[in-house]
2 protein chains.
Amino acid sequence: MPLTATGIYAAALRLIDVDGVEALTMRKLATALDANPMSLYHHVANKHAVLRGVARMVGTQFRTVALEDAPWQERIRLLATDFRTLAHSHPKLMGYSFSHQADFIQPEDPFLVALTAILDAAGVPHSELPQFTALGGVVITGVVTAELNGALHRWSSLKPPTVGEDGLTPPSSDVRVFRLTLDTIIMGLESQLGAEGDFQGADH
Amino acid sequence: MPLTATGIYAAALRLIDVDGVEALTMRKLATALDANPMSLYHHVANKHAVLRGVARMVGTQFRTVALEDAPWQERIRLLATDFRTLAHSHPKLMGYSFSHQADFIQPEDPFLVALTAILDAAGVPHSELPQFTALGGVVITGVVTAELNGALHRWSSLKPPTVGEDGLTPPSSDVRVFRLTLDTIIMGLESQLGAEGDFQGADH
DNA sequence: ACCTGAACACCGTTCAAGT
DNA sequence: ACCTGAACACCGTTCAAGT
């Protein structure tokens, strides 16, 4: 089969899933496609474009259900969980994309659009929406990134301070800390929104 | 002057501050030190060790004042601000370290030790301390990383949803979103801690 | 103990030449 | 239009040889 940009991205994704982004090489990518290394350059501009293409290809798969009738707390939880699921489907790629491709999540991407809509429904004043969207995006991507690169696991496996006891805490799963972070930020948002924090977008 | 490990780290840091981690090369590092590229390998194991050494060198500089009498909310704010200041002193290195060196922040590092102590003083039960420490670490490093790589700025510059007006929002500085995130997570923690959330560690 | 030249096994990418 | 061989300008690192 002939070379195509999407075919190249798909092959690159397979290699990345196995060996990580750092190990990806134009030459290895070519042999995986049974092609001459130089042939790739007829379909992609350079290696950076390959990585951008792969990230975009996976990022496009992100979908979250609307669920407009549910309370905003529930909707934000679902959005974050859907995002986490996508990240875990290609952890090596996503860990790279979050940190290296600052533009991986674009303003018009479904993730940020949905987040903005939810915060709007929650009653965040329009003038504050961008800041609250950024806040939500930071916390969600932050906790997922920390889970992907292992920091979340290491930090939550600390022994309780200097109590000098056995020092072993029952292993707290990453998903538990993920949920705790989500709950905490939601509670913080409720406080920020004051009394009308439980507004549920009644009939709209 | 003769080559030393710390001298190599210092030179590497200077190069990184200017051109970023990706542009750092053992050969460039050697010429910056007026040395033969191969001479470096007598003092450092390899390039990865150089990056680890530089990160450790900068990370060691992190200091935060104790301030044990202040309310925990104030202490956590100060800790996060000190951390942000350190990150901004070498943004290129820190942006790299947070994402690539999952072990950049070690359990016994002052940052996590202080964070644990503050959350302990705030009244977080001992059994939950590791999870809350991870949560705090994730949010603080997450928002600072997003600021360093520009995501925070881009996301907070979004136009308010589909109101179709001018579409221009006054530029909201990164530090404003940083503070908003901090305030929100602190409020969330207060909610999680319930009524005793305003415990201030009275006389201890 | 410390340095170094040559060399190895790679990279990404350009370009002229092929079909 | 698409492919490709050769080549360029780099990499990190090994190793034997020097002082």
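Chain identifiers are assigned alphabetically (A, B, ...) following the order of the sequence lines, protein sequences preceding nucleic acid strands; residue numbering begins at 1 within each chain.
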J.: Nearest nucleotide by nearest heavy atom, which residue falls closer to the 5' end of DNA chain C, A45(A) or A23(A)?
T.: A23(A)
J.: Compute the ring centroids of F83(B) and F178(B), then answer whether they are less than 6.0 Å apart.
T.: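 That pair fails the under 6.0 Å test.
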J.: Would you say the ring centroid of F104(A) lies under 6.0 angstrom from that of F62(A)?
T.: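 Ring centres of F62(A) and F104(A) not closer than 6.0 Å.
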J.: Which is the 5'-most and which the 3'-most nucleotide of DNA chain D that has an atom under 4.0 Å from a heavy atom of chain B?
T.: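 Span of nucleotides near chain B: dC11(D) to dT14(D).
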J.: For R84(A) and E147(A), which heavy atoms make the closest approach, and how far apart are they?
T.: NH2-OE2, 2.5 Å
J.: Do R52(B) and H48(B) have side chains that approach each other closer than 4.5 Å (heavy atoms only, starting at C-beta)?
T.: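 Side-chain contact under 4.5 Å: yes.
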J.: Sort out the partner of dG5(C) for me: Watson-Crick or G-U wobble, both distances under 3.5 Å, none otherwise.
T.: dC15(D)
J.: Base, sugar-phosphate, or nothing for M38(B), non-hydrogen atoms under 4.0 angstrom?
T.: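 Here M38(B) touches the bases of the nucleic acid.
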J.: With a 3.5 Å cut-off and no angle check, do the side chains of Q192(A) and T184(B) form a donor-acceptor pair?
T.: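 Side-chain D/A pair, Q192(A) to T184(B): present.
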J.: In terms of side-chain geometry, is the basic nitrogen of E22(A) or K92(A) positioned less than 4.0 Å from the acidic oxygen of its partner?
T.: no
J.: Look at all strands and tell whether T25(B) reaches a base, only sugar-phosphate, or nothing, counting heavy atoms closer than 4.0 Å.
T.: sugar-phosphate
J.: For R27(A) and for L40(A), locate the closest nucleotide of DNA chain D by heavy-atom distance; then report the residue assigned to the nucleotide nearer the 5' terminus.
T.: L40(A)
